[in-house]
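A quick write-up on the structure given underneath.
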Number of protein chains: 2
Amino acid sequence: MRIVRNRNEEMNTKKKVKALQTYNETGLRKTKQRALIMEIIRRERHLDADEVCRRARAEQPRLSLSTVYRTLQTLKEKGLVEEVHFDEAHHHYETKPASEHHHLVCLGCGQVIEFCYSLVHFIKEDVAEARDFEITGSEVRMTGYCPTCRRSK
Amino acid sequence: MRIVRNRNEEMNTKKKVKALQTYNETGLRKTKQRALIMEIIRRERHLDADEVCRRARAEQPRLSLSTVYRTLQTLKEKGLVEEVHFDEAHHHYETKPASEHHHLVCLGCGQVIEFCYSLVHFIKEDVAEARDFEITGSEVRMTGYCPTCRRSK
DNA sequence: ATTTCTATTGCGAACTATTCGCATTTAGTA
DNA sequence: TACTAAATGCGAATAGTTCGCAATAGAAAT
């Protein structure tokens, strides 16, 4: 564990409120890189880090892949971005959605469909109670074949 | 796509039946390595490749990590093993369970609890119909904190 | 039991995803 | 405008996984 000495933590209440109004209430500095990354994943969902970087470099050619990773990590910690896990051995990212949703992945063409299901929330509450867990996240992923890919098999 | 020329495919029916009785109906050759890997993941659930390899080497010190990866992959294709995805950027494996189950992971101590929920199956059928997908797999994962870890926070 | 055929293995190198250290730049203050 | 710490870019390091290939070893045929 390292000690995080965040500017905000040292401020008095009045200043803190002011600070929190900058950059989307996160207390993070506004940078072109971060804004662009945020914009890209807001526009297109469940990209992986490399895809984010490639898209971003169209506008900021010198953007570093490390920065992309660091930024996604930071935004995830701030709760603005969610990491999703498909079958692949790397992560995908998306802006935190208003309503909880889940993923249906076609193994043929790779398309990802998002779907909502209030039952999932119910399961979550139920599991939390049954196992006495404080549940912080849940992810439902289904894989299969879309109509088109099924036909061409 | 490469052409798979499997011995069994060339056999006549009579011989084929005989072959299928060897090594658990899979048509795979019986090897010490494969048997050991299978035994290890049957005994202990959701290990990752490296953990499987370390445990196996207690008995077969020269076992190669590549073999572990290849074997898990093969067994997965044959439907004997399932790959599960936690938050980490690598896979975990378990023998295919009799009944579909899901995972609850404690972010504090890392323990994994398996739970069953027939509702999940219902959701699966429902999504399949609504989106016209042939669904081949589903995975539900919840993360949070167990009672013990919650107390020590 | 011996031979034959090819699946499987071990090894090291290659590859992909991710993180880290550090010098440099830059946003937000004072 | 100057100061300070956050954020960036770069290249190296690490972790997980796959690949190529020669050597080994199951299973079928003799």
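D/dT17 atom P lies 10 Å from atom CD of B/Glu88, rounded to whole Å. Computed from coordinates, the B/His85 NE2 to D/dG16 P distance equals 15 Å when rounded to whole Å. Rounded to an integer number of Å, the gap from CG of B/Leu28 to P of D/dA27 is 10 Å. The CG atom of A/Leu36 sits 17 Å away from the P atom of D/dA7 (whole-angstrom rounding). Atom NZ in B/Lys76 sits about 13 Å away from atom C1' in D/dT18, given to the nearest Å. As rounded to whole Å, 13 Å separates atom C1' of C/dG28 from atom CZ of A/Arg34.
Between B/His102 and A/Val127, every side-chain heavy-atom pair lies at or beyond the 4.5 Å cut-off. A 4.5 Å side-chain heavy-atom check between B/Phe133 and A/Leu104 finds at least one atom pair inside the cut-off. When side chains are defined from C-beta on, B/Glu83 does not count as touching B/Leu72, because their heavy atoms never get closer than 4.5 Å.
Judged by distance alone with a 3.5 Å cut-off, no donor-acceptor contact links the side chain of A/Arg29 to the base of D/dA7.
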Reading 5' to 3' through nucleotides 10-20 of chain C, protein heavy-atom contacts under 4.0 Å coded B for base, S for sugar-phosphate only, - for none: BBB----SBBB
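Between B/Phe86 and B/His92, the two ring planes are tilted [angle within 30° to 60°].
If one axis is set at each end of the helix from C/dA1-D/dT30 to C/dA30-D/dT1 from five pairs, those axes are 30° apart, to 10°.
Among residues two or more places apart in sequence or in another chain, the salt bridge (Lys or Arg N to Asp or Glu O under 4.0 Å) test is passed with B/Arg62 by none. Remark: A/Glu139 engages A/Val84, A/His85, B/Arg141 in a side chain to side chain contact (heavy atoms under 4.5 Å, CB included) (not counting sequence neighbours). Every side chain to side chain contact (heavy atoms under 4.5 Å, CB included) that A/Gln60 has, sequence neighbours left out, goes to A/Lys32, A/Gln33, A/Leu36, A/Leu63.
With values rounded to the nearest 0.5 angstrom, A/Leu47 atom CG is found 8.0 Å from A/Ile41 atom CD1.
Between B/Lys32 and C/dT8, a side-chain N or O to OP1/OP2 separation shorter than 4.0 Å is absent.
Heavy atoms from other residues, nucleotides or ligands lying under 6.0 Å from CD of A/Glu129 number 12 at most.
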B/Val140 vs A/Val120, side chain to side chain contact (heavy atoms under 4.5 Å, CB included): CA-CA, chis, key distance, verdict: CA-CA 9 Å; B/Val140 178; A/Val120 173; over 6 Å; no
Where do N or O atoms of nucleotides 23-25 of chain C meet protein N or O atoms at under 3.5 Å, pair by pair?
none

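A salt bridge links B/Glu39 with B/Arg43: the distance from a Lys NZ or Arg NE/NH1/NH2 to an Asp or Glu carboxylate oxygen falls below 4.0 Å.
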